Amino acid sequence: MNYWLMKTEPTAYSWDQLLRDRKTNWDGVRNYQARNNMKAMEKGDGVLIYHSIVGKEVVGLAEVSRTYFPEPNCDNPQWVAVEISAKSSLKKTVKLDDIKSNPILIEIALLKQSRLSVMPITHEEYEEIIRMSEN
DNA sequence: GCCAACGTTGGC
DNA sequence: GCCAACGTTGGC
């Protein structure tokens, strides 16, 4: 089982919307590195959902419910989507500022590669963010 | 709104 | 294959 962090701009597609939809096809990724990360996802992998631009915080917990498939309605078969299912809202959102000031999270890809929208995180990083959300 | 950090494109 | 120019992301 692997762990991931996926970014979304809440003005485009929010965590609340994912809760209402229960699950969604995560598509529109047009970056090779992010695409390759999506291809590496396995069913049941843990996903943290992060709101970029507005909020700048980790807001919810989801899981991969379908591994990658060619993006629907896309001419170019190289781009893929995965299906993500909402699991639960974090009791307390975890702010980017708090991630930055946590020494356990100093190496997290969110900070190292700020532009990447789909990134792997370690089990330790995943657990630490969940722990922070429970305080 | 600015700009740093990347990624992509295209001329050579 | 190099690299300058340009585009995009996302924090500030």
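Each chain gets a letter, A, B and so on, in the order the sequences are listed, and its residues count up from 1. Given the structure is predicted, the values throughout are model-derived calculations rather than measurements.
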Nearest-angstrom distance from the residue atom [atom1] of [X] to [atom2] of [N]:
X        : N      : atom1 : atom2 : answer
A/Ile99  : C/dG11 : CD1   : P     : 10 Å
A/Gln113 : B/dG7  : CD    : C1'   : 11 Å
A/Leu116 : C/dT8  : CG    : C1'   : 13 Å
A/Ile53  : C/dG10 : CD1   : P     : 6 Å
A/Arg30  : B/dT8  : CZ    : P     : 13 Å
A/Leu111 : C/dG10 : CG    : P     : 14 Å
A/Asn31  : B/dT9  : CG    : P     : 12 Å
A/Ile108 : C/dG10 : CD1   : P     : 15 Å

A/Asp27: partners by side-chain contact (heavy atoms from CB on, under 4.5 Å), with sequence neighbours left out: A/Glu71, A/Ala81
- line: Cluster membership besides A/Ile53, Ile/Leu/Val/Met/Phe/Trp/Tyr side chains within less than 4.5 angstrom, sorted by chain and number, is A/Val54
message: Does C/dG11 have its OP1 or OP2 closer than 4.0 Å to a side-chain nitrogen or oxygen of A/Tyr50?
response: yes
query: Is the distance from OP1 or OP2 of C/dT9 to the nearest side-chain N or O of A/Lys7 less than 4.0 Å?
result: no
message: Using the side-chain hydrogen bond (donor to acceptor under 3.5 Å, both in side chains) criterion, which residues pair with A/Glu127? Sequence neighbours excluded.
response: A/His123
query: For A/Glu124, what residues pass the side-chain hydrogen bond (donor to acceptor under 3.5 Å, both in side chains) criterion, not counting sequence neighbours?
result: none
Are there any protein N/O atoms within less than 3.5 Å of an N/O atom in nucleotides 1-3 of chain B, and if so, which ones and at what distance?
none

A/Trp4-A/Tyr50 aromatic ring centre distance below 6.0 Å: no
task: Among residues two or more places apart or on two chains, list those pairs meeting salt bridge (charged side-chain N to carboxylate O under 4.0 Å, His left out) that have a residue in residues 37-46 of chain A.
output: none
- line: Residues at least two apart in sequence or cross-chain that pass salt bridge (Lys or Arg N to Asp or Glu O under 4.0 Å) with A/Glu9, listed by chain then number, are none
query: Of the residues in residues 32-40 of chain A, which ones touch DNA chain B at a heavy-atom distance under 4.0 Å?
result: A/Tyr32, A/Gln33
- prompt: Rounded to the nearest 0.5 Å, what separation is found between the OG atom of A/Ser65 and the CH2 atom of A/Trp26?
  reply: 12.0 Å
Compile the donor-acceptor pairs under 3.5 Å between side chains in residues 128-135 of chain A and protein atoms, sequence neighbours left out, one pair per line.
residue  : atom : partner  : partner atom : Å
A/Glu128 : OE1  : A/Arg131 : NE           : 3.0
A/Glu128 : OE2  : A/Asn102 : ND2          : 2.7
A/Glu128 : OE2  : A/Arg131 : NH2          : 2.7
A/Ser133 : OG   : A/Ile130 : O            : 2.6

